[in-house]
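Note sheet for the following structure.
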Amino acid sequence: MELEVTRNLIIVGNGFDLAHGLKTSYEDFLFDYFVKSFDKALKSDNGNKTGMYDYKDRLFNFRINSRGYFDNLKNNSKSLNEIKSIVSSNSGWVRIEPLTPFSRDIYNKQGRWVDIEGIFYRQLKIIYENNSIARTKEEKKKLFMRLNEEMNYLKGCLEEYLNLHYKENKPKDLVDDLFFARHLFPEDDRVDHKILSQNHGKHKFYMVNFNYTITANKYRQNKFADSEIQVNYIHGKIKDPQNPIIFGYGDEKDKNYKGIEDLEVDEAFENIKSFGYLQNDNYQNLLGFINGGKFNVVIVGHSCGLSDRTLLSTIFEHPDCEKIRVCYYEKDGWKDFTNKTYQMSRHFDDKKILRERILSPKDYDRIPQYND
């Protein structure tokens with residue numbers, strides 16, 4: 001008797017790379033970007049004229065008094081918030097001056113997590129809604145173009161950072177069985193997992209990688225899969241002209257989106273993800289999988305935020321999606337499972353479907369970390 005094939009869609013986000021020891025968060029990127037910009041300022045030749053060395057790019061003006069102050073900044077800050085704290089309390093010798101509303105929003109973001117894509121979309125909506133800053137369609141067009149230039153500049157900086165960081169810091173190995181075990185969706189938790197693994201059938205895995213790195217390639221081969229795991233780099237890969245990175249926003253359900261469409265200003269859509277998906281076959285390949293029969297979903301390290309709402313709601317609300325397993329990050333007894341379900345709820349128009357499909361967390365759902 002031929003064993004039934006269970007189809008599993010693995011959604012991989014930045015938490016997956018972080019679990020492998022890679023510093024790939026937006027905070028990591030901005031920290032590196034700020035430190036290197038101060039170094040560029042010190043290499044300029046204007047310090048003797050102004051008393052402050054400065055370096056200005058598309059988004060910020062970085063000013064610092066001397067190499068000694070730079071060493072102090074570099075040695076006493078390990079995070080983005082620590083840099084901002086030092087700058088805030090020592091404005092006489094070090095400053096970061098945002099040059100645009102977009103960069104000001106990024107710099108002033110409070111808390112541990114910076115959502116650059118969400119900040120971009122908020123600025124896009126401000127241009128659309130606020131007639132005091134842009135009254136006519138032509139004025140709005142100019143501001144959309146300026147915002148896109150700023151976003152594209154930041155996207156280029158991010159790609160350079162990820163490319164260099166990935167070359168210098170290879171991902172650590174993790175136990176892949178915890179991600180792709182046969183007991184992903186047991187009907188009864190009391191069933192012995194060893195018996196279940198022998199009789200549960202074959203598994204087909206399809207990985208949708210929202211990261212720009214190739215860490216997911218480490219998992220193409222897996223003893224639980226009936227064939228090599230296919231990896232779909234849905235948002236592109238660093239330094240791959242055939243699959244350029246998609247960095248922007250993707251929530252067509254937002255209440256303002258229809259109004260932006262009706263404005264009929266094409267420049268508003270340059271960094272909307274849906275149009276990036278049309279540039280290659282990645283999105284169509286994903287649709288081919290989810291339209292190919294019943295499937296389960298496993299989420300590993302994706303925040304499920306609104307910047308990917310269009311794509312995620314297509315998956316979560318698909319009639320053939322049966323169960324959704326949320327792998328969680330845990331530290332000092334705190335799990336991010338509940339917070340992720342808050343984010344996921346925004347992708348369901350029918351909350352009954354949400355309650356039916358999302359599985360409660362189990363011990364083996366914890367995402368292993370490189371430093372365990």
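Take Tyr329 and apply the ring pair (Phe, Tyr, Trp, His ring centres under 6.0 Å) test, not counting sequence neighbours, and it matches no residue. Checked against side-chain hydrogen bond (donor to acceptor under 3.5 Å, both in side chains), Lys23 has no partners two or more places apart in sequence or in another chain. By the salt bridge (charged side-chain N to carboxylate O under 4.0 Å, His left out) test, Lys294 pairs with Asp320, sequence neighbours left out. Partners of Lys36 according to the salt bridge (charged side-chain N to carboxylate O under 4.0 Å, His left out) rule, which considers only residues two or more places apart in sequence or in another chain, are Asp32. Taking the side-chain hydrogen bond (donor to acceptor under 3.5 Å, both in side chains) definition, one finds that Tyr206 meets it with Asn232, sequence neighbours left out. Under the salt bridge (charged side-chain N to carboxylate O under 4.0 Å, His left out) criterion, Arg67 pairs with Asp39, not counting sequence neighbours. Residues forming a side-chain hydrogen bond (donor to acceptor under 3.5 Å, both in side chains) with Asp105 (at least two apart in sequence, or on another chain): Gln123. For Asn169, the side-chain hydrogen bond (donor to acceptor under 3.5 Å, both in side chains) test picks out His165, with sequence neighbours left out. Taking the salt bridge (charged side-chain N to carboxylate O under 4.0 Å, His left out) definition, one finds that Glu159 meets it with nothing, sequence neighbours left out.
When all heavy atoms of Tyr107 and Pro98 are compared, the closest pair comes out as CB-CG, 4.0 Å. Shortest non-hydrogen contact noted between Ala19 and Gln369 is CA-OE1, 3.4 Å. Considering every non-hydrogen atom in both His318 and Asn291, the closest pair reads NE2-OD1, 2.7 Å. When all heavy atoms are compared, the tightest approach of Ser77 to Ile83 is OG-CG1, 3.4 Å. Nearest heavy-atom pair across Tyr128 and Asn256 is CE2-OD1, 3.8 Å. Heavy atoms only, all atoms of each residue included: Ala134 and Leu143 are closest at CB-CD1, 3.6 Å.
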(message) Quick one, Thr24 with Tyr212, criterion side-chain contact (heavy atoms from CB on, under 4.5 Å). Give me CA distance, side-chain angles, the key distance, then yes/no.
(response) CA-CA 10 Å; Thr24 54; Tyr212 309 119; over 6 Å; no

(request) Applying side-chain hydrogen bond (donor to acceptor under 3.5 Å, both in side chains), run through Asn130 and Lys125 and close with a yes or a no. (result) CA-CA 8 Å; Asn130 193 339; Lys125 290 195 292 184; over 6 Å; no

(request) Check the pair Met344 / Ile324 against side-chain contact (heavy atoms from CB on, under 4.5 Å), numbers first and verdict last. (result) CA-CA 11 Å; Met344 293 173 67; Ile324 302 174; 3.7 Å; yes

(request) Test Lys172 against Leu22 for side-chain contact (heavy atoms from CB on, under 4.5 Å), laying out the working first. (result) CA-CA 8 Å; Lys172 311 294 191 303; Leu22 295 171; over 6 Å; no

(request) Show your reasoning for whether side-chain hydrogen bond (donor to acceptor under 3.5 Å, both in side chains) applies to Thr215 and Tyr166. (result) CA-CA 9 Å; Thr215 311; Tyr166 203 83; 3.3 Å; yes

(message) Run Leu59 and Glu150 through side-chain contact (heavy atoms from CB on, under 4.5 Å) and show every step you take.
(response) CA-CA 7 Å; Leu59 299 171; Glu150 295 163 10; 3.6 Å; yes

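Sorted by first and then second residue, the ring-ring contact (aromatic ring centres under 6.0 Å, His included) pairs involving residues 233-253 (not counting sequence neighbours) are Tyr26-Phe247, Tyr121-Tyr249, Phe210-His235, His235-Tyr277. Listed by first and then second residue, the salt bridge (Lys or Arg N to Asp or Glu O under 4.0 Å) pairs that reach into residues 278-291 come to none, sequence neighbours excluded. The ring-ring contact (aromatic ring centres under 6.0 Å, His included) pairs that include a residue from residues 65-100 are Tyr69-Trp93, where partners are two or more places apart or lie in different chains.
Within 6.0 Å of CZ on Arg146 lie no more than 12 heavy atoms contributed by other residues, nucleotides or ligands. With a 6.0 Å radius and a threshold of 12 heavy atoms from other residues, nucleotides or ligands, Lys74 has its NZ atom at or below the threshold. Remark: Lys141 NZ is loosely packed, at most 12 non-hydrogen atoms of other residues, nucleotides or ligands lying under 6.0 Å away. The number of heavy-atom neighbours closer than 6.0 Å to NZ of Lys253, taken from other residues, nucleotides and ligands shown, is above 12. More than 12 heavy atoms of other residues, nucleotides or ligands lie within 6.0 Å of NZ in Lys351, so this atom counts as buried by the packing criterion.
With hydrogens and angles ignored, the 3.5 Å screen pairs a side-chain donor or acceptor of Arg7 with a backbone N or O of Phe289. With hydrogens and angles disregarded, no donor-acceptor distance shorter than 3.5 Å links the side chain of Gln343 to the backbone of Asn339. The backbone N or O of Lys40 sits nowhere less than 3.5 Å from a side-chain atom of Ser44 that would complete a donor-acceptor pair. The main-chain N or O of Thr6 is never found under 3.5 Å from a side-chain atom of Asn296 such that the two would form a donor-acceptor pair. Remark: side-chain polar atoms of Asp251 are not paired, donor with acceptor, to backbone N or O of Ser307 under 3.5 angstrom. Checked by atom type and distance alone, the side chain of Arg58 never pairs as donor or acceptor with a backbone atom of Glu149 at under 3.5 Å. Side chain of Lys109 to backbone of Arg104: no donor-acceptor contact under 3.5 angstrom is found. Here the side chain of Asp365 pairs a donor or acceptor atom with the backbone of Lys362 at under 3.5 angstrom. Checking side-chain atoms of Ser91 against main-chain N and O of Ser88 turns up no donor-acceptor pair under 3.5 Å. In terms of modelled atom types and a separation under 3.5 Å, the side chain of Ser103 and the main chain of Phe60 share no donor-acceptor contact.
When ring centroids are compared, Phe316 and His302 stay outside the 6.0 Å threshold.
If you chain together hydrophobic residues whose side chains sit under 4.5 Å apart, Ile245 and Leu164 never meet in one group. By the rule that hydrophobic residues join a cluster once side-chain heavy atoms approach within less than 4.5 Å of another member, Ile315 and Leu287 end up as members of one cluster. Both Phe348 and Ile299 belong to a common hydrophobic cluster when Ile, Leu, Val, Met, Phe, Trp and Tyr are linked at side-chain heavy-atom distances under 4.5 angstrom. Under the 4.5 Å side-chain heavy-atom criterion for ILVMFWY residues, a single connected hydrophobic cluster contains both Met151 and Tyr153. In the hydrophobic clustering of this structure, Leu99 does not group with Leu30; members are Ile, Leu, Val, Met, Phe, Trp, Tyr whose side-chain heavy atoms approach within less than 4.5 Å, directly or through other members.
Here the side chains of Leu263 and Lys140 are in contact, with some heavy-atom distance below 4.5 Å. Residues Phe337 and Glu330 are not in side-chain contact: their nearest non-hydrogen atoms beyond the backbone lie 4.5 Å or more apart. Taking the side chain as every heavy atom from C-beta outward, Asn90 and Leu73 never approach each other to under 4.5 Å. Looking at Phe205 and Val298, their side chains never come closer than 4.5 Å, going by heavy atoms from C-beta outward. At a threshold of 4.5 Å between non-hydrogen side-chain atoms, the residues Phe31 and Glu27 do not count as touching.
Asn75 and Asp71 form no side-chain donor-acceptor contact under 3.5 Å, judged by distance and modelled atom types alone. Defined by atom type and a distance below 3.5 Å, a donor-acceptor pair is missing between the side-chain atoms of Asn285 and Gln230. Side-chain contact check for Thr338 and Tyr328: no donor-acceptor pair (N or O, by modelled atom type) lies under 3.5 Å.
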